[in-house]
Amino acid sequence: MSLAVGDEIPGSRVIHPLIVRITHWLNAVAIVLMILSGWRIYDASPIFPFTFPPWMTLGGWLGGALAWHFAAMWLLVVNGLVYVGFGLASGHFRHDFLPLSLRAIWRDLRAALTFKLEHRLGTYNAVQRLLYVGVILFAIGVVISGLAIWKPVQFQFVTGLLGGYDTARIVHFAMMAGIVGFIVVHLALVFVVPSTLPPMITGRASTHKGTPL
Ligand code: HEM
């Protein structure tokens with residue numbers, strides 16, 4: 001039997017559609033491969049006065065890291081297009097990430113920091129909405145700036161818009177840093193409210209759950 005969002009089966013309902021779950025986990029794999037291989041590529045020609053320790057990187061050497069980076073890039077982009085296409089076409093983004101106001105973000109942030117935020121499975125609070133919209137924008141930014149430094153001749157319009165090759169590298173790094181920042185907060189929230197994890201795997205949540213954050 002195929003289940004849709006909101007479908008009730010005794011005691012549980014689907015809160016994450018199959019396509020969101022598949023693209024979420026494929027994206028998590030792709031992002032980790034991109035970041036770790038990206039750090040190895042960065043080490044070959046650092047733009048800041050530091051490098052990443054080799055044990056934190058993927059690929060072994062510049063050539064290996066580039067091979068990983070370009071392989072995972074296809075997974076990230078194709079999978080990302082499926083996720084964003086579904087999110088826009090199905091109304092998932094509109095229904096689950098909007099509305100989003102500064103007032104709601106401030107209210108939920110204060111509640112979260114004082115451990116008073118009620119987490120209702122199947123509904124994202126304003127802080128989560130901000131984080132999800134933010135990371136989607138960072139991911140789009142990392143792909144666009146990546147194109148600018150991968151093919152600066154073919155995409156010279158993009159490279160120019162970003163202020164040239166050297167600035168595009170800094171933008172690419174900044175987008176990566178934003179994504180890493182998101183991952184740290186995202187994993188901390190999953191750790192604090194572990195009941196959110198099983199539904200991201202099975203799709204279903206109990207109809208009677210309300211866990212304080
Ligand atoms: C092992 C790593 C990860 C775990 C355990 C994890 C876990 C989760 C869980 C449990 C949710 C559902 C939250 C809820 O229902 O309240 C979620 C949603 C989400 N996660 Fe992750 N996540 C991981 C990695 C990532 C990465 C790397 C990204 C992107 C850079 C990401 C982006 C998202 C987004 C955008 C959503 C909202 C999905 C939607 O409803 O469209 N996650 N994640």
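Start at 1 and go down the list; that is how both ligands and their atoms are numbered.
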Quiz item: So which of Thr196, Leu100, Asp96 actually passes side chain to side chain contact (heavy atoms under 4.5 Å, CB included) with Tyr124?
Solution: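 It is Asp96; the other options fail the test.
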Quiz item: In terms of ring plane angle, is the pair Phe97 and Tyr132 parallel, tilted or perpendicular, where the classes change at 30° and 60°?
Solution: tilted
Quiz prompt | Mutual orientation of the aromatic rings belonging to Phe50 and Phe48 [parallel < 30°, tilted 30-60°, perpendicular > 60°] | solution = parallel
In residues 140-154, what donor-acceptor pairs under 3.5 Å come from side-chain atoms, sequence neighbours left out?
| unit_1 | atom_1 | unit_2 | atom_2 | d |
| --- | --- | --- | --- | --- |
| Ser145 | OG | Gly141 | O | 2.8 |
| Ser145 | OG | Val142 | O | 3.3 |
| Ser145 | OG | His172 | ND1 | 3.0 |

Quiz prompt | Contact residues of ligand 1, where a non-hydrogen atom lies under 4.0 Å away | solution =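 Answer by chain and number: His16, Val20, His24, Trp25, Asn27, Ala28, Tyr83, His92, Phe97, His119, Tyr124, Gln128, Tyr132, Val135, Phe182, Ile183, His186, Leu187, Val190, Thr196, Leu197, Met200.
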Exercise. List the atom of Gly59, the atom of Trp68, and the distance in Å for their closest heavy-atom pair.
Key: CA-CD1, 3.7 Å
Practice problem: Taking all non-hydrogen atoms of both residues into account, name the closest pair between Pro54 and Thr57 and its distance. | Solution: O-OG1, 2.7 Å
